[in-house]
Amino acid sequence: MLLYYTAESITKTNNMNVWNREHVWAQSLTNNWFGESGAGADAHHLRPCDPILNSSRGNKKFGESSGYFYPLNVEGSSADYRGDVARIIFYMMVRYAEEVQNKGLSFTSIAESKEILLKWNKEDPVSQTEIIRNNYIYTKQGNRNPFIDNSNYANMIWG
């Protein structure tokens, strides 16, 4: 299993001291949107993460300015998760558009700006790991992240 933000490979275990479930869109930034189903349990949105890193990220929004969480600059990692983060957020905005609207959420609810996410999507192209994961989730959950299948969709919609 690969931990999100660090790409550290670990043996899959149920021990939550070794890894925990990262909601890429931090639950505390959702106006009580997530539950035990839907967005809160969507495999496209959840990632295994180092518990200390997940805790240090806390509820910081994604961005490049001071006070934001910048997923390229994780201590001890050269992994680039900027595009991955952007494509997950784009997916959430489209897949759960009604909930996003009903809760009064927007790109700035989770990120410094929509423009930063579009930039990250361009600068960090879809990886083979994302493609494999997208294909696997499709077999289990029955839907795909279209922004992994075609990252240009983001620019077509919001660019």
Side-chain angles (χ1 to χ4, degrees), residues 1-8 10-63 67-71 74 79 81-118 120-121 124 126-127 129-151 153-154 156-158:
M1 181 165 61
L2 293 177
L3 296 182
Y4 205 56
Y5 306 128
T6 64
E8 179 185 356
I10 65 167
T11 302
K12 184 179 176 186
T13 174
N14 288 331
N15 184 343
M16 296 307 271
N17 293 320
V18 175
W19 70 277
N20 63 25
R21 183 175 63 178
E22 158 79 333
H23 288 88
V24 175
W25 190 318
Q27 292 186 72
S28 59
L29 300 175
T30 67
N31 295 337
N32 297 313
W33 168 21
F34 298 156
E36 295 296 316
S37 62
D42 191 314
H44 289 294
H45 171 224
L46 300 172
R47 294 292 190 271
C49 189
D50 176 273
I52 295 169
L53 177 58
N54 194 6
S55 179
S56 70
R57 182 206 157 197
N59 63 356
K60 291 179 186 163
K61 297 177 184 181
F62 294 101
Y68 289 91
F69 185 79
Y70 187 56
V74 175
Y81 284 90
R82 295 173 303 154
D84 306 48
V85 164
R87 288 181 283 277
I88 290 167
I89 294 170
F90 296 148
Y91 166 82
M92 297 291 286
M93 296 296 279
V94 170
R95 172 68 178 87
Y96 299 101
E98 186 174 339
E99 291 95 330
V100 167
Q101 184 177 8
N102 289 343
K103 292 291 184 179
L105 301 170
S106 68
F107 284 107
T108 56
S109 301
I110 184 58
E112 186 173 0
S113 70
K114 171 182 63 178
E115 291 72 25
I116 291 280
L117 296 173
L118 289 167
W120 289 359
N121 182 51
D124 176 28
V126 175
S127 68
T129 301
E130 283 179 279
I131 293 168
I132 291 168
R133 183 176 170 83
N134 198 28
N135 291 339
Y136 181 77
I137 291 171
Y138 176 73
T139 68
K140 299 298 181 187
Q141 191 168 284
N143 70 326
R144 306 181 64 77
N145 180 337
F147 301 98
I148 293 172
D149 291 330
N150 185 340
S151 64
Y153 289 158
M156 294 167 76
I157 296 170
W158 296 291

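Bear in mind the structure is a predicted one, so any value in this text is a computation, not a measurement.
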Other residues, nucleotides and ligands only: do more than 12 of their heavy atoms fall within 6.0 Å of [atom1] on [X]?
X: Asn150; atom1: CG; result: yes
X: Ile132; atom1: CD1; result: yes
X: Tyr138; atom1: OH; result: no

Do [X] and [Y] have side-chain heavy atoms sitting under 4.5 Å apart?
X: Leu117; Y: Trp158; value: no
X: Trp19; Y: Ile10; value: yes
X: Asp42; Y: Tyr91; value: yes
X: Met93; Y: Lys114; value: no
X: Glu99; Y: Thr30; value: no
X: Asn135; Y: Arg144; value: yes
X: Ile88; Y: Phe62; value: no
X: Trp33; Y: Val100; value: yes

Grab the two heavy atoms, one from [X] and one from [Y], that are nearest each other, plus how far apart they are.
X: Leu2; Y: Pro48; result: O-CG, 3.4 Å
X: Gly63; Y: Ile116; result: CA-CG2, 4.4 Å
X: Leu53; Y: Asp50; result: N-OD1, 2.9 Å
X: Ser113; Y: Thr108; result: CA-CG2, 4.3 Å
X: Ala111; Y: Tyr68; result: C-CE2, 4.3 Å
X: Asn134; Y: His44; result: OD1-CE1, 3.0 Å

Look up atom [atom1] in [X] and atom [atom2] in [Y], then write down how far apart they are to the nearest 0.5 Å.
X: Glu22; Y: Arg47; atom1: CD; atom2: CZ; answer: 10.0 Å
X: Leu46; Y: Phe34; atom1: CG; atom2: CZ; answer: 8.5 Å
X: Leu29; Y: Lys61; atom1: CG; atom2: NZ; answer: 6.5 Å
X: Ile110; Y: Ile89; atom1: CD1; atom2: CD1; answer: 5.0 Å
X: Met92; Y: His23; atom1: CE; atom2: NE2; answer: 8.0 Å
X: Arg95; Y: His45; atom1: CZ; atom2: NE2; answer: 13.0 Å

Got a sec, which residues hit side-chain contact (heavy atoms from CB on, under 4.5 Å) with Ala43, two or more places apart in sequence or on another chain?
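Ala43 satisfies side-chain contact (heavy atoms from CB on, under 4.5 Å) with Ile137, Gln141 only.
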As a quick check of understanding, evaluate side chain to side chain contact (heavy atoms under 4.5 Å, CB included) for Leu105 and Tyr96, giving each step before the final call.
CA-CA 11 Å; Leu105 301 170; Tyr96 299 101; over 6 Å; no
With a 3.5 Å distance limit and no angle check, can you tell me whether Asn145 reaches the backbone of Arg87 through a side-chain donor-acceptor pair?
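Flag set: sc Asn145 to bb Arg87 pair under 3.5 Å.
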For Lys103, is there any backbone N or O sitting under 3.5 Å from a side-chain donor or acceptor partner on Asn31?
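Looks like yes, one N/O pair under 3.5 Å.
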Which residues pass the side-chain hydrogen bond (donor to acceptor under 3.5 Å, both in side chains) test with Arg82, not counting sequence neighbours?
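Residues passing side-chain hydrogen bond (donor to acceptor under 3.5 Å, both in side chains) with Arg82: Asp80, Glu123.
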For Gln101, which residues count as a side-chain hydrogen bond (donor to acceptor under 3.5 Å, both in side chains) partner, sequence neighbours excluded?
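Partners of Gln101 under the side-chain hydrogen bond (donor to acceptor under 3.5 Å, both in side chains) test: none.
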Verdict with reasoning, Val94 to Phe147, per side chain to side chain contact (heavy atoms under 4.5 Å, CB included):
CA-CA 10 Å; Val94 170; Phe147 301 98; 3.6 Å; yes
Let me know which of Trp25, Tyr4, Tyr5 forms a ring pair (Phe, Tyr, Trp, His ring centres under 6.0 Å) with Phe69.
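The single option meeting the ring pair (Phe, Tyr, Trp, His ring centres under 6.0 Å) with Phe69 is Tyr5.
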